[in-house]
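As the structure lists them, so they are numbered: ligands from 1, and atoms in each ligand from 1.
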Amino acid sequence: MGLYTASDGHVDPYSLTQAIAKGARKYGALIFQGLGVTTLNLREDGRWVVSTTEGDILANRVVNAAGFWAKEIAKLAGSDLPLVPNHHQYLVTSTVPEVKALKREIPVLRHLEGSFYLRMERDGLLIGPYESTHTMRQCEDWMWNGVPEGFGKELFEPDMDRLEPHLEIAMQLVPCFADASIQSVVNGPITYTPDVLPLVGPDMLPNMWLAAGFGYGIIHGGGMGSYLASWIINGQPPFEMTECDPLRFGSWTTNDYVLAKARESYGMNNAVTYPHEERFAGRPTSRVSGAHEVLESEGACMQIHSGWEQPAWFTSPGQQPQYCPSFQRTNWHEAVEKEVDLVMTSAGIIDLTPFAKIIVQGRQAAAFMDYMTANSVPPLGRTVITHILSPTGHVYAELTVTRTHEDTFLVITGSGVELHDLRWLQDYARRGNWNVSFANITEDMGCLSVAGPKSKDILSTLSPVFNGKFPFFSCKEVTLAGVKTT
Ligand SMILES: Cc1cc2nc3c(=O)[nH]c(=O)nc-3n(C[C@H](O)[C@H](O)[C@H](O)COP(=O)(O)OP(=O)(O)OC[C@H]3O[C@@H](n4cnc5c(N)ncnc54)[C@H](O)[C@@H]3O)c2cc1C
């Protein structure tokens, strides 16, 4: 049994690239070939001096789309990217009589257990396996030492031993493949991010854009190019695609994490995934809240979110803290039901430390926040929930903004959009020459939520301030159990 996608197909990557280049030239693009970028320098006016082997180019914007060299280009600009090339192989047979005799092309076959795709290639067959997590190879030394000097479009030595388990399954499935002779084996670098999605959008550096980390650059290239061009021209993304935002990764994304996750993502390319799936390579990360040990001792089963190890659910007494995914009810179903019930009828403490926390401060901080957000700026000691809107009025971000001092705001936003939101604020401040500064204190400040009908009673036992006038959406600095709290 299988699924048939009528619109599935394949394209020759060389012709596709040429077609896109032709289209770009038609609309005025100039393409210089054989010109290597050697240095990148940011000028005070936000423009980049791009030095090449044949002179300098002054650029309003730079798009780093350098494939597996993208990490090297990022280093020229003083940053880094979470990328590693994996070895990826495919094999092409010479003419197969049964294939040649076919009157029409067979669909591209994707076999999940065998972890390969197989399709016609002229009169023969082409098979491209995704090798297992344990046997696949990565350019680990490139990760640490950079792409070897002079490495261009070279290929690696084919490794038939690694392909064999996949080929055996293919032979059972497509018997004529067993008698085919091998014409060529291609083994090349395929760039991976930890989660196999590309890095597409603005970087943190001014006017630096990214279109890199494509595991499926042929499939995704056209669409991603259009998405990026639209964002650059219109000053806002054409639709929300935070999954591919380059800033979903951060300083927590170490080389070791990238290697472990890219290996896992590649090896599980054809794995059947469960709802709310957790993957454990590269974990635990270093991104934990100050309450991490307490939470673990209370039976927390951790899940990863934006690099944070955060509790997904708590075991009941006698229950094992095991991850047992399922398409039906999971082993955490009842525990979560109990937690929800407790918070609704009594109270619960939720560790929200992964929430992003940004301090916006300065002489023009209030005017800036007023300009940037849709709701009114809160008076001192008050909080508002507000939105950053895009130029055409789409919601770009949802923020909780508290005015802690006349010229200081504590901005809290989702953990998944920490740098995504900070980048937008910083970019507008820079372009508008606003007198404001930003401090990302996400990892310096914990955040606990006490929720439920009994929350006030509980907090009142810690400080008399909760018995007094403390209306909704207001903020005070209090000391709770010896800890300074906002
Ligand atoms: C064996 C194999 C099979 C694959 N199969 C598929 C598939 O079936 N479907 C699919 O969608 N994808 C597939 N891929 C992946 C696909 O090939 C890549 O995702 C895609 O080519 C990446 O395109 P890119 O433009 O990001 O990078 P690239 O094509 O690598 O382009 C990067 C460009 O940057 C240039 N550059 C680098 N450094 C500099 C510098 N210093 N100065 C100036 N220019 C520089 C390079 O010369 C190059 O032209 C496969 C990859 C491999 C290896």
Exercise for the section: Show your reasoning for whether ring pair (Phe, Tyr, Trp, His ring centres under 6.0 Å) applies to F249 and Y257. Expected result: CA-CA 11 Å; F249 300 112; Y257 179 84; 7.4 Å; no
Exercise for the section: Evaluate the criterion side chain to side chain contact (heavy atoms under 4.5 Å, CB included) for residue pair W308 and T442; output intermediate values, then yes/no. Expected result: CA-CA 11 Å; W308 289 93; T442 301; 3.9 Å; yes
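In this pair, Y371 and Y428 present their aromatic rings tilted. The plane angle is within the 30 to 60° band. Aromatic ring pairs are classed by plane angle as parallel below 30°, tilted from 30° to 60° and perpendicular above 60°; the pair Y117 and Y130 is tilted. Under the 30°/60° scheme for interplanar angles, the aromatic rings of F68 and F151 are found to stand perpendicular.
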Please give the N or O to N or O pairs under 3.5 Å between ligand 1 and the protein, distances rounded to 0.1 Å.
| residue | atom | partner | partner atom | Å |
| --- | --- | --- | --- | --- |
| ligand 1 | 11 (O) | Y216 | O | 3.4 |
| ligand 1 | 11 (O) | I218 | N | 3.0 |
| ligand 1 | 11 (O) | I219 | N | 2.8 |
| ligand 1 | 19 (O) | F214 | O | 2.7 |
| ligand 1 | 19 (O) | G217 | N | 2.7 |
| ligand 1 | 41 (N) | V37 | O | 3.3 |
| ligand 1 | 42 (N) | V37 | N | 2.8 |

Identify every side-chain donor-acceptor pair in residues 198-222 under 3.5 Å, counting partners at least two apart or on other chains, and give the distances.
| residue | atom | partner | partner atom | Å |
| --- | --- | --- | --- | --- |
| N207 | ND2 | G46 | O | 2.7 |
| Y216 | OH | N269 | OD1 | 2.3 |

